[in-house]
Amino acid sequence: MLKGAQSWEFKKRPVIRGTATIVGPDEGSGPLGNEFDIVHADTTIGQDSWEKAEKKMLEEAAKLAIENACLTKEHIQFYVGGDLLNQIISNSFAVRTMQIPYLGIFGACSTSMEGLAVASLIVDSGFGHHVMAGTCSHNSTAEKQFRYPTEYGSQKPPTAQYTVTGAACAVLGNHGSGPVVTGATIGRVIDMGIKDPFNMGAAMAPAAVDTLQAHFRDFQREPGYYDLIVTGDLAKVGYEIACELLEKHKVPIHQTSYKDCGLMVFDREKQDVQAGGSGCACSAVVTYGHILKRLKKGELKRVLVVATGALLSPLSFQQGESIPCIAHAVAIESEVR
C-alpha cells in the first residue's frame, strides 16, 4: 500500500528466500571476502571479453540464488534487473539464457534496491509468487564505457571510485523462511549541478539524504528505528558529505549505525580503490552477502538500505550535462513468518 508521498508498505512482508553473491579477486581480498558465495580469481572468468564475464557472473548468481531458495527455475515467475552497460545488456543477455519473464530496469548503481523494491511489490500484490531481483557490474566494463579503458592506464583523482566486479541476486517469495522486506521509498531525481564523472560521491550524496528524509517522513520514523542504515556507494567523499547534510537538516543519524557499502566492500588503506567502491554490484553484494547474513544470525533486526545511482551517460557527459542522481531505500527485517 502507498505510505505517505513516495513510499510503499508491504503488508504481506515478502520473504527473501535465497540469495547469491559472485565477486572478483579484489572484492574477495576485501574485508567482506569470506561473506561472498563465489570469489573468482580472474576478472575474465574464462570469457573472451569483460562484458561476457559480467554476464557470466549474473548467470551464476541467478542459478545459485534459485538453488539457495530451494526452488527451480520453473518456480520463478518474473525476473527484475538491470546494470550499467548500454541498454542493460548484461541482464538482457543473461535472461536470454535463463528464459524467465523479464522486467528490465535502470537506476544506475541504485538498481539493486530498485529491483528489490519492484520485486517485493509484485509479490506483495499477489501478481507473482516467486520473483527474482538481480544486478551486476564489472570494473573493466564500467571503465571502458564511462571513463577510460583499463588498458589506457589513466591516472585517477582521489575522489574517483572503483567499480565493484560482481553480481548478486535475491529470490523473493510469498511464503518461506528468511529476512522479510517491509517497505520501500522511491527516490526523486536530484541534480546539484556537478559535472565531474570522477566525483560521483559528491553528486549522489544529496539524493541519498533526500530519500532518507522522505523515508522517515512517510513512515513517521526516526533513524533509531533501524539497527543499521547503509547507503549504496557514496564512498569516502560522498559519505562525508551525506553526514554533513544529515546534520544540516537535523536528521538524528547518530541514533543508529550509519555506514556506506562503498567503504565496506574494500579496505582503502590496503587496496588501491581511490575513494572506495561503486557500481551496481556494490550495494548488492554487500546487502545480499554481508548484511542479510547478519540479519539471519540475529545480529541485526531492522536494516535500511539506500542504494544510490548517478544517471549520466557518456553522451550526456560529452554534451556538458550535469549529473542527475537518485536513491531508492528498502527496509528489511529479520523476522520469519
Side-chain angles (χ1 to χ4, degrees), residues 18-68 81 83-85 89-91 93-98 109 111-112 132 134-156 160-171 232-233 235 261-294:
T19 62
T21 52
I22 316 292
V23 299
D26 291 328
E27 295 72 20
S29 299
L32 306 180
N34 293 330
E35 308 268 13
F36 305 126
D37 293 297
I38 297 175
V39 177
H40 284 288
D42 189 329
T43 58
T44 62
I45 313 176
Q47 307 299 303
D48 59 12
S49 74
W50 305 121
E51 289 75 16
K52 289 180 181 178
E54 183 173 329
K55 175 181 73 75
K56 179 69 174 177
M57 286 191 298
L58 185 59
E59 290 172 344
E60 291 177 339
K63 182 176 182 294
L64 185 56
I66 293 171
E67 292 176 359
N68 289 340
D83 53 82
L84 293 173
L85 296 192
I89 57 172
S90 294
N91 274 258
F93 287 9
V95 178
R96 176 182 63 184
T97 303
M98 291 187 274
C109 302
T111 298
S112 63
M132 183 159 57
T135 191
C136 57
S137 58
H138 192 295
N139 185 270
S140 294
T141 65
E143 289 297 312
K144 181 192 297 184
Q145 177 162 302
F146 290 101
R147 288 172 282 273
Y148 298 103
T150 302
E151 296 87 345
Y152 185 75
S154 64
Q155 186 173 355
K156 295 179 177 62
Q161 292 173 241
Y162 193 88
T163 302
V164 167
T165 296
C169 290
V171 174
D233 54 350
C261 296
L263 294 173
M264 296 168 69
V265 69
F266 295 123
D267 185 337
R268 293 181 57 253
E269 299 298 320
K270 298 179 181 179
Q271 296 177 285
D272 186 15
V273 294
Q274 291 85 44
S278 67
C280 287
C282 183
S283 57
V285 299
V286 172
T287 299
Y288 298 155
H290 170 66
I291 294 174
L292 287 192
K293 287 180 180 178
R294 293 192 64 192

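Excluded from the calculations below are hydrogen atoms, water molecules and symmetry mates; all remaining heavy atoms, backbone and side chain alike, are included.
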**Asked** If you look at every heavy atom in Cys136 and Ala167, which pair is closest and at what distance?
**Response** CB-CB, 3.7 Å
**Asked** Once you round to the nearest 0.5 Å, how far does CD of Glu54 lie from OG of Ser90?
**Response** 3.0 Å
**Message:** Taking the basic N atoms (NZ, or NE/NH1/NH2) and the acidic carboxylate oxygens, is any pair closer than 4.0 Å for Lys55 and Glu51?
**Reply:** no
**Prompt:** Under the 3.5 angstrom rule, does the side chain of Asn139 hit a backbone N or O of Thr165 as a donor-acceptor pair?
**Reply:** no
**Request:** Might you confirm whether atom CG of Asp42 has over 12 heavy atoms from other residues, nucleotides or ligands at distances under 6.0 Å?
**Result:** yes
**Prompt:** Does a side-chain heavy-atom distance below 4.5 Å link Thr19 with Asn68?
**Reply:** no
**Residue pair Glu27 / Val285, side-chain heavy-atom distance below 4.5 Å** = no
**Prompt:** Looking only at heavy atoms, what is the nearest atom pair of Ala170 and Tyr288, with distance?
**Reply:** CB-CZ, 3.6 Å
**Item:** Shortest non-hydrogen separation from Val39 to Gly33 and the atoms involved
**Value:** CG2-O, 3.9 Å
**Request:** Nearest 0.5 Å please: distance from the CG atom of Asn91 over to the CD atom of Glu59.
**Result:** 10.5 Å
**Fill in**
For Val23 and Gly28 the tightest heavy-atom approach is CG2-N, 4.0 Å
**Asked** Is a donor on one side and an acceptor on the other found under 3.5 Å between the side chain of Asp267 and the backbone of Pro31?
**Response** no
**Request:** Would you mind reporting whether His40 and Lys56 have side-chain heavy atoms less than 4.5 Å apart?
**Result:** no
**Request:** May I ask you to decide if Thr43's main-chain N or O and His138's side chain share a donor-acceptor pair within less than 3.5 Å?
**Result:** yes
**Fill in**
Taken to the nearest 0.5 Å, the spacing of Lys52 NZ from Ile89 CD1 works out to 11.0 Å
**Complete:** dist Ile45:CD1 -> Trp50:CH2 (nearest 0.5 Å) comes out at 9.5 Å
**Asked** Is a donor on one side and an acceptor on the other found under 3.5 Å between the side chain of Arg268 and the backbone of Ala275?
**Response** yes
**Prompt:** Can Thr135 and Thr111 be counted as having a side-chain donor-acceptor contact under 3.5 angstrom?
**Reply:** no
**Request:** Identify the residue among Thr163, Val164, Leu84 that makes a side-chain contact (heavy atoms from CB on, under 4.5 Å) with Cys280.
**Result:** Leu84
**Fill in**
Interatomic distance, CD@Glu143 vs OG1@Thr141, rounded to 0.5 Å, equals 9.0 Å
**Request:** Measure across Ala62 and Met98 and return the closest heavy-atom pair with its distance rounded to 0.1 Å.
**Result:** CB-SD, 3.2 Å
**Prompt:** For Lys63, does the NZ atom sit with more than 12 other heavy atoms under 6.0 Å from it, leaving out its own atoms?
**Reply:** no
**Request:** Indicate the atoms forming the closest heavy-atom contact of Ala20 with Ala65, along with that distance.
**Result:** CB-N, 3.5 Å
**Fill in**
Rounding to 0.5 Å, atoms NZ (Lys293) and CG (Leu32) come to a distance of 9.5 Å
**Prompt:** Is the shortest heavy-atom distance from the side chain of Glu35 to the side chain of Thr21 under 4.5 Å?
**Reply:** no
**Prompt:** How far apart are the C-alpha atoms of Leu58 and Cys169, what are their side-chain angles, what is the distance that settles it, and do they pass the side chain to side chain contact (heavy atoms under 4.5 Å, CB included) test?
**Reply:** CA-CA 8 Å; Leu58 185 59; Cys169 290; 3.8 Å; yes
**Item:** Plane angle bin for Phe266 and Tyr162 - parallel if under 30°, tilted between 30 and 60°, otherwise perpendicular
**Value:** perpendicular
**Item:** Donor-acceptor pair, side chain of Gln161 and main chain of Asp233, under 3.5 angstrom
**Value:** yes
